[in-house]
Amino acid sequence: MASRAQAIKSNAIGLSKKDYDGSVSTLCKGCGHNSIANQIIQVAYELSLKPHEVIKLSGIGCSSKSPAYFLGMSHGFNALHGRMPSVGTGALMANHHLRAIGVSGDGDTGSIGFGQFKHLMRRNVRMVYIVENNGVYGLTKGQFSATAELGLELKYAGHNDFPQIDICTEALIAGCGFVARSFAGDAKQVRELLKAALSHRGTAVLDIISPCVAFNNDDSSPKSYSYGREHEQPLQEIGYVPYAEEIVINDYDPGELKLVELHDGSRISLRKLEEDYDATNRLEAINRLQSAAVKQEFITGMIYIDNERPNLAEVSHLTDTPLAHLSDQDLRPSEEKLSSFLKAFA
Amino acid sequence: MASRAQAIKSNAIGLSKKDYDGSVSTLCKGCGHNSIANQIIQVAYELSLKPHEVIKLSGIGCSSKSPAYFLGMSHGFNALHGRMPSVGTGALMANHHLRAIGVSGDGDTGSIGFGQFKHLMRRNVRMVYIVENNGVYGLTKGQFSATAELGLELKYAGHNDFPQIDICTEALIAGCGFVARSFAGDAKQVRELLKAALSHRGTAVLDIISPCVAFNNDDSSPKSYSYGREHEQPLQEIGYVPYAEEIVINDYDPGELKLVELHDGSRISLRKLEEDYDATNRLEAINRLQSAAVKQEFITGMIYIDNERPNLAEVSHLTDTPLAHLSDQDLRPSEEKLSSFLKAFA
Amino acid sequence: MDVLEREEAHQPHASPIVNDFSLVAATANGTGSQTANLTLLRSFLKMGIPVHGKNIFPSNIQGLPTWYHIRVSHEGFIARRPPELLIAFNPMTIYEDAKDLPSGGVCVYDDSIKGLPERNDITYYALPVTDLIKDIDVPVQRKPYIANMVYVGAMAYLLKIPLQVIEEALSVQFGGRQKLVASNLPVVVKTYDWCQENLRKTDPYEVAPMNETEGLIMMTGNEAGALGSIFGGVSVGAWYPITPSTSFIDALKDFLPRLRQTEDGKATYTVIQAEDELAAIGMTLGAGWMGARSVTATSGPGISLMSEFAGLGYFAEIPAVIWDIQRVGPSTGMPTRTGQGDVTFTYYLGHGDTKNVILFPSSIEDCFDFGIAAHDLADVLQTPIFVLSDLDLGMNNWMGKPFSYPTTPINRGKVLSAEELTARAGFARYKDVDGDGVGYRTLPGTEHPQAAYFTRGTGHNANAVYSERSSDWVENADRLKRKFDTARTLVPKPVTELNPDAKVGIIAFGTTRYAIEEARVHLCEKLPTSFMRICALPISDEVRSFVEAHDYIYVIELNRDGQIHAILQTEMPDLATKLKSIAYMDGMPLTAQWVEERLMEEENG
Amino acid sequence: MDVLEREEAHQPHASPIVNDFSLVAATANGTGSQTANLTLLRSFLKMGIPVHGKNIFPSNIQGLPTWYHIRVSHEGFIARRPPELLIAFNPMTIYEDAKDLPSGGVCVYDDSIKGLPERNDITYYALPVTDLIKDIDVPVQRKPYIANMVYVGAMAYLLKIPLQVIEEALSVQFGGRQKLVASNLPVVVKTYDWCQENLRKTDPYEVAPMNETEGLIMMTGNEAGALGSIFGGVSVGAWYPITPSTSFIDALKDFLPRLRQTEDGKATYTVIQAEDELAAIGMTLGAGWMGARSVTATSGPGISLMSEFAGLGYFAEIPAVIWDIQRVGPSTGMPTRTGQGDVTFTYYLGHGDTKNVILFPSSIEDCFDFGIAAHDLADVLQTPIFVLSDLDLGMNNWMGKPFSYPTTPINRGKVLSAEELTARAGFARYKDVDGDGVGYRTLPGTEHPQAAYFTRGTGHNANAVYSERSSDWVENADRLKRKFDTARTLVPKPVTELNPDAKVGIIAFGTTRYAIEEARVHLCEKLPTSFMRICALPISDEVRSFVEAHDYIYVIELNRDGQIHAILQTEMPDLATKLKSIAYMDGMPLTAQWVEERLMEEENG
Ligand SMILES: Cc1ncc(C[n+]2csc(CCOP(=O)(O)OP(=O)(O)O)c2C)c(N)n1
Ligand SMILES: Cc1ncc(C[n+]2csc(CCOP(=O)(O)OP(=O)(O)O)c2C)c(N)n1
Ligand code: SF4
Ligand code: SF4
Ligand SMILES: [Mg+2]
Ligand SMILES: [Mg+2]
């Protein structure tokens, strides 16, 4: 027994990596969201996070399911579609010592939850906010989300007539002090950014491109839109998700452009920010994002960081004891206070 | 009679300026929103707009009341707080020939309505969208809105801990093709921009700084927050709005910086864009807005224009006849069509 | 042997059970088993046998268990019935699925799956699935998909479905794309052949051609509803994706271009994907205000989010049609399960004294008819009309008579043109000119100096002018109440089956009817009942007469709290004690057996 | 003459009406008349006379008409009563205001305003306002504000309020700031002097000191509620501004730092202005989930927007307190008028079978007590608790007994610490261990390997694990129903006044009680009644007993549709016909006269 226990590696607080697992994922095989969950597990293990000091938050969507699949010993809250930011804000004001990992989707964040997302960042609530960005609504079967590119054609969703929302630019404009982007299959970069995000003072936004294997553009797939149309078939009759492998990419160099082929054969271009890129220059960051967008590139890495602005708990001058743990005495003023207070109303 | 009729000036379609009036304003004397309503009346008169070809839309707030105070012969819809964009989208899809003037406030647009505002611009719905921006919630008595500057102190609202949302930057980022800013008291500029906006193909955003006289910072005013606090007075007991004049500023030159003193003695800095400013360069526009913000200046004028992107009605390939006016025949397929259609389900 | 010859190869069972069983195909989500299931379903239909299929699927895209139920009934009963036949193709559930079979049941399984319970009272048939598909020429990725065709072949053999029928059904299923038929049919045939050679059929279940489905169509409720909306003249749709309403909009987007082509190829419609449900209903109301016929479809969470706009629609009196394809709540609940839990909430949707008109379709014919009626009612009553369907009706395929073309033209209600305005003395938007509580409206764009009015959710007088006057408020609120009473007379009437022997009545609405109708036949001796299916709220006078005509009434519904029961009690307090509630919701459609048992339980105390 | 001497100068009226009248000050919004009105109100209180003031104000910041009603009653009646005395300072409404006075009424007006109706049956007193303030040394901007002090002086003279009392009241009003007192009092005195010299009092209305208000406080319901929340241990508030709930949060923000100072000056609370009501309730629930006591305040439109989150709170079982200060709906309605129209909607708030616990305060004492109780109930029941107040209670000043300090400690309900977890066999979040339907919860941050669970609005089993299993759903839903029955036993009990002579009972809730209580006294001979004031939903057993004990019951409420009447009918269908609805809402608080008339109308017809 002793030898077996020793064989299992453990971190600084004596937990094994398994202790950071969640329940078994019910997402599709090959879904980018699974890769991200795995990196969260890895990072929590490496950082020796105490599970009870972490809370997991999410909205609704395939992405938002994933908090169930990591850190099973941490409290989690799978809230409403697009409303994770407000729940997180309340929770973290009630206990500002806990660390929060929020997982959302591009639909959850960019559509129904857009206002809450922006206002979360304005308030600088201390939370790692991950957008698992696939350009579609996975869970409701492949409609365009607001992060889909203008002009994109998908078999089911058709033609996208609207310009895409860029999560990183939106974050920057909203005053967010930690803006980063990565790709789900780039395990190393995801981990690095997650670690940095976990030590950020306020809201840390991580826009992670996370391909959806089910609602891709595969021509041979019978679930495509044109198929349904041509054949006068009710679309929901078709529910076949082809088997796919997770897309994993090798590390690439700062400054390098990396073409990644997605499940449907389409490609996206990632460019890792150069080593000498100054991530503390907000205007420069905006410019880089804008010009990359024109070239249809996604810059990856730490786009902007500013750890100066106090977070919501700080500007609220909270007592050190979390509000949720204040004693009755702290909370209920004395009988004398009540009667003297009421005198002013006599 | 004849001579009297002749004495009243009329425009190209034979209407007098009075014909563009609405009902009497119930906003405070001196409120910037009144100035804007007057300019809308003037512009509609000068452009000889047919009142029945215009619809007026708004959310909820002092600003959103103002559509009642102009163009009384146009249909109007005072919708819900923050939800004017969706109502306008539906209305304009049902009749894409009408011109829409939407009036909102900074609370209506920047807080509760933020998501709808952003998505309206993504869709490029053909609407003049005016934000009557006063940095506070006027109608609910002076709370900070999301456009209030970081660090601002107001007697009632206290200290503002959050960075301001910049309506123009948000519009640019959302893909809006007409972004302009002005000041309510700058009648000439407001008119010029309104005229341009009315001929724009898609969403035209006009961010008009429009001071609130009631919830200013006047130290002598008994409605101030410190007053209430010091004296243990329930705040709502105090409801005195001092008389104030509308703030009117003289025309200033392109490139010039204009300091405007508000009712409370505080000042804002407006800088009119230079004549050679290139309003078709999106990146430049973003940069200008960002650097002005750092200097606490508001640039005014036409910040960005791009009339190329088709509007929502256009990308929807609508028939020329407005959907709302299609005949029964256009709308209801024939009996034969029904039965042949059903064959596929036999 | 060709397809025709094979049919002779069966040995007749001693006492066959013909055209009367329920079968379930248990698979994993995302394997594409729907094609197989619908092929079976269509085969039965093509054989003239009354049939109905229900997809019990998870809220997941790939991997979680999914069950497809097919009820075959020569008597025409199509309610859910616990299955006697199981197609066990999912390792995750095989044990429980087989355990749940009744004695005498049949289990056809993929022989690569382990873990079946030991049972002697059911018949097992093992299929060598891997073997049967190994030679099929499709990309390896698509093998799991093709595997489902194996059970189609097996069922064809076991239930005696002519292969020719399967071929036809497959062809319909693939919309005639012969290439797809060609890649699927061989597996069916191969399996059939294998079964013939290797299986000895010992169970009694089989099908035989009938003549009961001649001319019938098969469609989902969402498709029928979308079609109704189109024949109701819809031109603006706005929505936000949510199960199980998404397929309503998918159908709308699919059908509109096919049914409403124009010469210049321009669209007489638009369907906008909104950023959320608040925007969806906002767009819908905006379009309705402008005079277009507009529709949105959603489910519970969307209904919650539409509350504020519902109140505006009610109070500012704007036409709109809202389909709520009900799923299981509260909250996000079970998105892929069925229920009738949104009745009370929708009836009162919106703070203040808001009250809404609701239609309850119970069949695809209703979906079509009410789909049309909803738009007329919205315009005539100038108010949002809610159509409460459910997942079972909306997403499953149902037999139905080909829909009847509407006999009355589109009714746009009281809309004044410029000419009519001139002819009238004056125009006051909210004046009750006709005593029915419905004012006249003008559409934006009407060229007339008096046409314009100001629409608002704030207090207003008859001229649509802002007012905080008490008398204006009361006058307006009372008129709205009057209008609601007008609605009573215009909504679809309840459908009654009076049984002269019955002292007891049953009231229900929507899809519970199928289990109830079946139960009533079974109980016709023990407990003869009359039946009223309510089609709308507010209720009309017929409901009172029905209740009065019986000693007491069971109100049966698929929710926990007996929602319509409570509403009926408040509408008829004098009859409240005659109304007994039978309410239950576990996410599954009711079965006749359950209805019978519950009724007899109540009867016996 | 100094302040004291002046009082002797009055001539006694032949038959004076002492301490029994209603007066109204009609002014324009934004002129600061509230200070004048509250000075009068406080003067009466200081004289020991039962009094109550109601502000009837527009949804506008400056210029629209506003009325302040003061009811003075030696009998202690404080319901609204149509005024006999009018202070007519608003040209926009002067004609109608004066026309509405009863015969024998009194009209004190600013003599610069024209347009009074010709009436011989009322007494007019003209005040030369412009003259009286022309010498006062305040900035010209503030003149209209100071002008209001003129009517304070006039009323002092006419009603015989000692000037000393006015001075004291002013001082309280200005929080003791003598500079402000000094700039206002001279106008009062000057007017008083002028009246004495120039007016001949011919009307009978006057006040005289009593001893009925000794020790009482005066406060608004929103202040009392906020105070209750504080003594209930609130630490997180989240809100979005909306009339008439804003002053609840204003009070919270104002009182918290004064009542909860800490040694290091750090805050034991936070109050966050959210971006909308969806975010406000989201924050409130987030904080409740974490274990803090959290509150939000809103009104109708906000309640609509909170629907989806309410359902989540109910279903995921999260404590939170939501104050709904009701205004007139549907929709935006009349934001500055009062009503009780959100009852049904809030009771069922959230799609699916959601059902919420509601408290109904009717006084400032209730606001304080229920304010505390709401937080305990939220924690004990693990569900959102709604407190339905209204504009009348929330924003107006009411007399009350100084609040009683809570006698029981804060009750946090079933929260398991790490130690308790270790002591237990296991932890299943949603298991009904105690049979009351309430499970045990753990707070995030609890250091124990078994502490964590996953909170969700989707279907789940007792272990909080996602489930689509029918039996899990039903078990959970039934437990929630059981919990709701537990709530019945824990919410504040109804308050009953049994009249042994009464065959008829009255049921009401909230602020309608004042008009009803007064009407009952007037009707004690003609129609003796018992009275039950319901304090919460779901109802407890006492309600049934009360109904059973009487021949029939009038359910009186301030909404159009008789909302609580309908709820009572469904809760007690066997007694449904004994419940008669009297429902009305025009935005104004009920009057006793109206209650009497309606009751007698019902009795006689
Ligand atoms: C109020 C509400 N509306 C709609 C839905 C249905 N819904 C569930 S997930 C989803 C979209 C999810 O998209 P995204 O956030 O991009 O997540 P993904 O599945 O792509 O990871 C929608 C619309 C819902 N659950 N709640
Ligand atoms: C759903 C909802 N929440 C809150 C309110 C209350 N409310 C009315 S106006 C307003 C703010 C208006 O601010 P802004 O848009 O800046 O307009 P302004 O009055 O300053 O012109 C609020 C919060 C409301 N009417 N509806
Ligand atoms: S549908 Fe797409 S987003 Fe959802 S689990 Fe599957 S691959 Fe991932
Ligand atoms: S309160 Fe402010 S925004 Fe409102 S009308 Fe008055 S000045 Fe204008
Ligand atoms: Mg997505
Ligand atoms: Mg504002």
Side-chain angles (χ1 to χ4, degrees), chain B residues 23 26 50-53 55-56 60 67-68 71-80 83-95 97-98 115-116 118-119 123 312-313 316-326 328 330-335 337-339 341-346, chain C residues 215-219 230-231 233 235-236 238 255 258-260 262 264-270 272 274-276 278-280 282-294 308-309 312 402-403 405-406 409-410 442-449 451-458 465-466:
Chain B
S23 54
T26 61
K50 295 187 185 157
H52 74 277
E53 290 183 350
I55 57 170
K56 309 171 295 181
I60 300 280
L71 273 57
M73 295 201 306
S74 299
H75 273 79
F77 197 146
N78 183 195
L80 297 178
R83 315 295 175 200
M84 177 250 279
S86 61
V87 171
T89 303
L92 289 167
M93 290 308 279
N95 190 339
H97 291 325
L98 301 185
Q116 292 217 345
K118 297 280 277 193
H119 284 276
R123 295 192 183 96
L312 182 62
S316 309
H317 306 291
L318 299 184
T319 42
D320 190 53
T321 309
L323 301 184
H325 296 287
L326 291 171
D328 290 14
D330 292 330
L331 291 171
R332 176 173 286 170
S334 67
E335 185 155 10
K337 275 213 172 150
L338 176 62
S339 44
F341 187 84
L342 290 178
K343 291 220 172 82
F345 294 87
Chain C
L216 295 190
I217 56 171
M218 181 167 272
M219 203 185 257
I230 294 170
F231 283 84
S235 61
V236 176
F255 297 171
R258 291 156 60 186
L259 286 161
R260 289 245 290 263
T262 50
D264 57 1
K266 297 275 185 135
T268 58
Y269 54 82
T270 185
I272 315 173
E275 61 272 31
D276 59 20
L278 289 102
M283 290 173 187
T284 310
L285 286 169
W289 173 70
M290 189 58 87
R293 299 204 144 188
S294 59
E308 196 192 9
F309 259 125
L312 176 69
F403 306 142
Y405 196 74
I410 287 178
T442 55
L443 304 184
T446 305
E447 188 168 5
H448 191 284
Y453 69 94
F454 203 81
T455 304
R456 43 164 54 96
T458 39
V465 171
Y466 182 78

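What's counted below: heavy atoms across the whole structure, side chains too, no hydrogens, waters or symmetry copies.
Contact count versus chain B (heavy atoms, under 4.5 Å) is highest, among Thr270(C), Thr458(C), Asp264(C), for Thr270(C). Between chain C and the residues Ser334(B), Ser74(B), Pro333(B), Ala324(B), the largest count of heavy-atom pairs under 4.5 Å involves Pro333(B). Of the listed residues Glu308(C), Arg456(C), Arg293(C), the one with more heavy-atom pairs under 4.5 angstrom with chain B than any other is Glu308(C). For the options Thr262(C), Val236(C), Leu278(C), heavy-atom pairs under 4.5 Å to chain B are most numerous at Leu278(C). Between chain B and the options Ala267(C), Ala292(C), Pro409(C), heavy-atom pairs under 4.5 Å are most frequent for Ala267(C). Ranked by heavy-atom pairs under 4.5 Å with chain C, the list Pro67(B), Ala94(B), Gly90(B) is led by Gly90(B). Counting heavy-atom pairs under 4.5 Å between each of Thr321(B), Asp320(B), Ile55(B) and chain C puts Ile55(B) at the top. Looking only at heavy-atom pairs under 4.5 Å with chain B, the residue among Pro444(C), Gly288(C), Gly291(C) that has the most is Pro444(C). Most heavy-atom pairs under 4.5 Å with chain B: of the set Leu285(C), Val465(C), Leu312(C), this distinction falls to Leu312(C). Among the candidates Leu92(B), Leu98(B), Leu71(B), the residue making the largest number of heavy-atom pairs closer than 4.5 Å to chain C is Leu98(B).
The parts of Leu326(B) that come within reach of chain C are both its backbone and its side chain, each placing non-hydrogen atoms under 4.5 angstrom from that chain. Contact annotation for Leu342(B): both backbone and side-chain heavy atoms come within less than 4.5 Å of a heavy atom of chain C. The parts of Ser316(B) that come within reach of chain C are both its backbone and its side chain, each placing non-hydrogen atoms under 4.5 angstrom from that chain. Both the backbone and the side chain of Glu335(B) have a heavy atom closer than 4.5 Å to some heavy atom of chain C. With a 4.5 Å cut-off on non-hydrogen atoms, Leu312(B) touches chain C through its side chain but not through its backbone. Using a 4.5 Å cut-off between heavy atoms, Ala238(C) does not touch chain B at all. For a residue to count as touching a neighbouring chain, one of its non-hydrogen atoms must lie under 4.5 Å from one of that chain's; by this rule Pro322(B) does not touch chain C.
Here the CE-CD distance, from Met283(C) to Gln116(B), works out to 7.0 Å after rounding to the nearest 0.5 Å. Distance check: Met290(C) CE to His325(B) NE2 gives 7.5 Å after rounding to the nearest 0.5 Å.
Defined by atom type and a distance below 3.5 Å, a donor-acceptor pair is missing between the side-chain atoms of Thr446(C) and His75(B).
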